[in-house]
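Every heavy atom of this structure was used, including side-chain atoms; hydrogens, water molecules and symmetry mates were not. Quick caveat: nothing in here was measured; it's all calculated off a predicted structure.
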Amino acid sequence: MKFNESFFDNEHTRKEFLKTTSMLLISLSALPLLQCSESTPQKPEKNLNWISSKPEKRPVMNVAYLPSRILFKNGTIIDGTGRPPFTGDVMVNGTTIEIVTHKQIHFSGTTIDCTDKIISPGFIDAHSHMDWILPLDGHPELKNPFMEQGITTLITGNCGYGVAGFKPKSHYLAMINNIGRGFFGGDSSLENDNFVKQVAVMMPSMQQYLQYCTNHGIPMNMANLAGHGTTRISLQGYAPQPLTKDEMKTMLYLLEQAMDEGAYGVSFGLQYEPGIFATNDEIAEISKLVKKKDKIVTCHMKAYSALSATYPLKPFGTPHNIIALGEMLDIAKQTDVRLELSHLIFVGTKTWKTLPDALSIIDRAIDSGLDVMFDTYAYHCGTSVINVFFPGSFLAQTPQIYNDKIALLKLRAQLELIVALLGFGYNDIQIINAQNTELAKFNGKFLKDIAKERGLGQFENFIDFAKKSNGRARVLNHRYSSFQNVLDLMKHRASLFMTDATPYLQGAQNPAAFGNYARFIEIARDYRLLSPQSLIRKMTGAVADRFKIHKRGYLKEGFMADITIVDWKNVKDNNTLTETNKRPSGIDYVFINGKKVVDKGKATGILNAGMVV
């Protein structure tokens, strides 16, 4: 969610502001009291009839022993195409899938019995920020959680925060390096890591970054995007003004070069600085370039809540998240670009009811011929940085503006009024990592409780965290969507599955980094939401198709041996509200490019099985 300027700007006099405020306060009196959180309905009994199979006699085929071969025997094969499951065997030879068959394979070598288990393509995370983490030396605790939930490939570089594709020798490269340190969690133990020292400042090009990953080795496969935001930083830092003609020319050159060197497209983060300062014309020009290269645009939109200050505040007007959605669809229509709407969420209780309209708009866009889809997670909470709540005008003047009493008064009026109308507030914002030594003891706690403990007002406490972390404190925001929203998003024809999660060496964790895909399976199974083949497709073949990843996402002969074995009857997300770093149950085996990276639910310690794809 993003709060942007709407009150004391050039269009609003003080009298107009007071008039608008009075109208809103009158409307507030009719609102019911809001609960602190939205809980999941009582879970139904485990659906053990989700997959049914009858014993059958299968013809036999003999395959000669080779030490490079591994047999996955007698499993329920769900191949990623959306076709119905069938009982069969899969043979891997080295890094590739050699045989997928209904027959019984007789083989004397390494065999994994998959009876009553799903043999699936490895899961592909459609929205990740792990491009900042994968090349780190060691640190299995940051990488294993993704493999242990069945993920074999990650789509990285999202929300405008790309890790490469920058102007060489730019004075602003150190700023980008600092962004990376936010993803690293601010832990001092990483200061001497080779990648941490070199990112951006010593390898600004996509070719340099991808080559580093290849030489270093990465645990999972990675398809990387160029980030509009960080590329823009390399041109003019966090300056709020539009790009000059020369800067725009350079921006297009850098992004085209990044795509030519291996980036799968360009991501936008239009609620973060400097993406928040981009004009629609700038976004459209870049989208035209992406279309020309036959790549994809992913977009963190300008608003995900019914009320923000991104747009003029009009009581009972069009919800702001619907306006933001319309703007991106208009750009897709203008440019004919392939558009992926990032982490479609509905922030605050007053936004939840806008979901049917949003999905209807997306359906009409698809039916009209636009190539648009979205990604979603299985939780109704998600991570961000604390400065995501600030107006663009405020961000443009940080850190000096933290000492401007008038600016803070204005900001407080905006936030408190919008929060009251939106059904989202300080009690929904949990500090994951304060990014500050003094405030680290509050990691895992909610802002509302921290303010009481510190004896500060809610707003004063909020600003103090933002100021002392330079706006980079990592937060887990609750009431991002209702549980019913999650169900509706999961089953929609245009949805793909993802985590949008980054783990940390210290502080609380985002549960999506640990149990997201197990939770997807649980929900689909027990709420009878999706068939097994539809579910698996949304996390495998459909993602590979969307991003045009070759020879991944399917169980097909000649494809890469990325395989996840799921004990579907016992799969379970073990996270709770207070313990959010639990390994899931039921993800028994995971193979990446033929290497076993998860054995009986636990990572094997292999951290170099992945490839740059």
Side-chain angles (χ1 to χ4, degrees), residues 1-2 82 126-127 155 158-160 225 228 264-271 275 278-306 308 310-311 317-347 351-377 480-481 484-498 500 530 534 537-538 541-548:
M1 184 184 60
K2 174 57 98 175
H127 182 106
I155 311 298
N158 283 285
C159 295
L225 300 162
H228 160 262
Y264 276 67
V266 175
S267 73
F268 289 95
L270 303 181
Q271 283 192 298
T279 64
N280 284 347
D281 286 343
E282 179 179 328
I283 299 166
E285 283 302 306
I286 294 168
S287 297
K288 289 176 185 176
L289 169 67
V290 176
K291 169 64 180 178
K292 184 182 79 171
K293 308 300 291 187
D294 192 25
K295 305 278 186 172
I296 193 168
V297 160
T298 72
C299 184
H300 177 132
M301 295 183 291
K302 293 180 181 179
Y304 287 95
S305 52
S308 70
T310 307
Y311 305 101
T318 303
H320 291 177
N321 59 316
I322 300 298
I323 296 174
L325 174 60
E327 286 188 359
M328 282 313 302
L329 292 178
D330 284 345
I331 289 172
K333 185 176 181 179
Q334 291 173 36
T335 63
D336 198 31
V337 75
R338 187 163 24 118
L339 173 63
E340 181 75 12
L341 302 169
S342 296
H343 44 59
L344 191 61
I345 50 177
F346 297 83
V347 178
T351 309
W352 297 347
K353 64 184 179 183
T354 66
L355 179 139
D357 285 345
L359 294 185
S360 178
I361 291 168
I362 290 171
D363 279 329
R364 290 198 299 272
I366 294 170
D367 292 341
S368 74
L370 293 187
D371 191 353
V372 57
M373 296 183 77
F374 63 85
D375 40 67
T376 187
Y377 29 52
Y480 253 21
S481 293
Q484 184 59 51
N485 287 163
V486 172
L487 300 182
D488 292 340
L489 292 167
M490 281 182 61
K491 67 184 181 183
H492 192 271
R493 61 171 170 164
S495 70
L496 302 174
F497 295 165
M498 56 90 185
D500 188 23
L530 289 164
S534 295
R537 175 155 176 76
K538 283 176 174 288
V543 187
D545 291 348
R546 186 69 180 147
F547 289 89
K548 298 190 176 182

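Smallest separation of non-hydrogen atoms from Y480 and Y377: CD2-OH, 3.1 Å. Of all heavy-atom pairs spanning W352 and F346, the tightest one is CD1-O, 3.0 Å. Nearest heavy-atom pair, A284 versus T335, reported as atom, atom and distance to 0.1 Å: O-CG2, 3.6 Å. Summarising the geometry of M498 relative to D375, their closest heavy-atom pair is CG-CB, 3.5 Å, with the distance given to 0.1 Å. Taking both residues in full, the closest heavy atoms of L496 and E340 are given as CD1-OE2, 3.8 Å, listed atom of the first, atom of the second, then distance. I286 and H228 make their closest contact through CD1-CD2, 3.4 Å (heavy atoms, listed as atom of the first residue, atom of the second, distance).
With sequence neighbours left out, R493 forms a salt bridge (Lys or Arg N to Asp or Glu O under 4.0 Å) with D363, D367. Considering only residues two or more places apart in sequence or on other chains, S267 meets the side chain to side chain contact (heavy atoms under 4.5 Å, CB included) condition with L225, T298. Not counting sequence neighbours, the partners of D545 by the salt bridge (Lys or Arg N to Asp or Glu O under 4.0 Å) test are R537. Applying the side-chain hydrogen bond (donor to acceptor under 3.5 Å, both in side chains) test to R338 and every residue at least two apart in sequence or in another chain returns nothing.
Taken to the nearest 0.5 Å, the OG atom of S287 stands 11.5 Å off from the CD1 atom of I296. The NZ atom of K538 sits 8.5 Å away from atom NE2 of H492, with the distance rounded to the nearest 0.5 Å.
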Run the numbers on R364 and S368 for side chain to side chain donor-acceptor pair (under 3.5 Å), then give the verdict.
-> CA-CA 6 Å; R364 290 198 299 272; S368 74; over 6 Å; no
Stepwise side chain to side chain contact (heavy atoms under 4.5 Å, CB included) test for L489 and L355 | CA-CA 9 Å; L489 292 167; L355 179 139; 3.8 Å; yes
Would you check, one step at a time, whether the test side chain to side chain contact (heavy atoms under 4.5 Å, CB included) holds for I362 with F374?
-> CA-CA 9 Å; I362 290 171; F374 63 85; 4.0 Å; yes
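Partner D371 forms a salt bridge (Lys or Arg N to Asp or Glu O under 4.0 Å) with one of K291, K295, R546 and no other, that one being R546.
Applying the ring pair (Phe, Tyr, Trp, His ring centres under 6.0 Å) test to pairs two or more places apart or on separate chains, those with a residue in residues 325-344 are H127-H343, H300-H343, Y304-H343.
Listed for the T351 side chain is a donor-acceptor partner under 3.5 Å among the backbone atoms of A306. In this structure, the side chain of S481 does not engage the main chain of V486 through any donor-acceptor pair within 3.5 Å. Judged purely by atom type and a 3.5 angstrom limit, S308 has no side-chain atom pairing as donor or acceptor with the backbone of S305.
At a threshold of 4.5 Å between non-hydrogen side-chain atoms, the residues L344 and L359 count as touching. Side-chain atoms of F268 and I283, non-hydrogen and from C-beta on, do get closer than 4.5 Å to each other.
Ionic pairing of K548 and D294 is present here: one or more N-O contacts between side-chain nitrogen and carboxylate oxygen are shorter than 4.0 angstrom.
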Would you mind writing out the side-chain donor-acceptor pairs for residues 322-334 within the sub-3.5 Å range, not counting sequence neighbours?
{"from": "E327", "atom 1": "OE1", "to": "K302", "atom 2": "NZ", "distance (Å)": "3.1"}
{"from": "E327", "atom 1": "OE1", "to": "Y311", "atom 2": "OH", "distance (Å)": "3.2"}

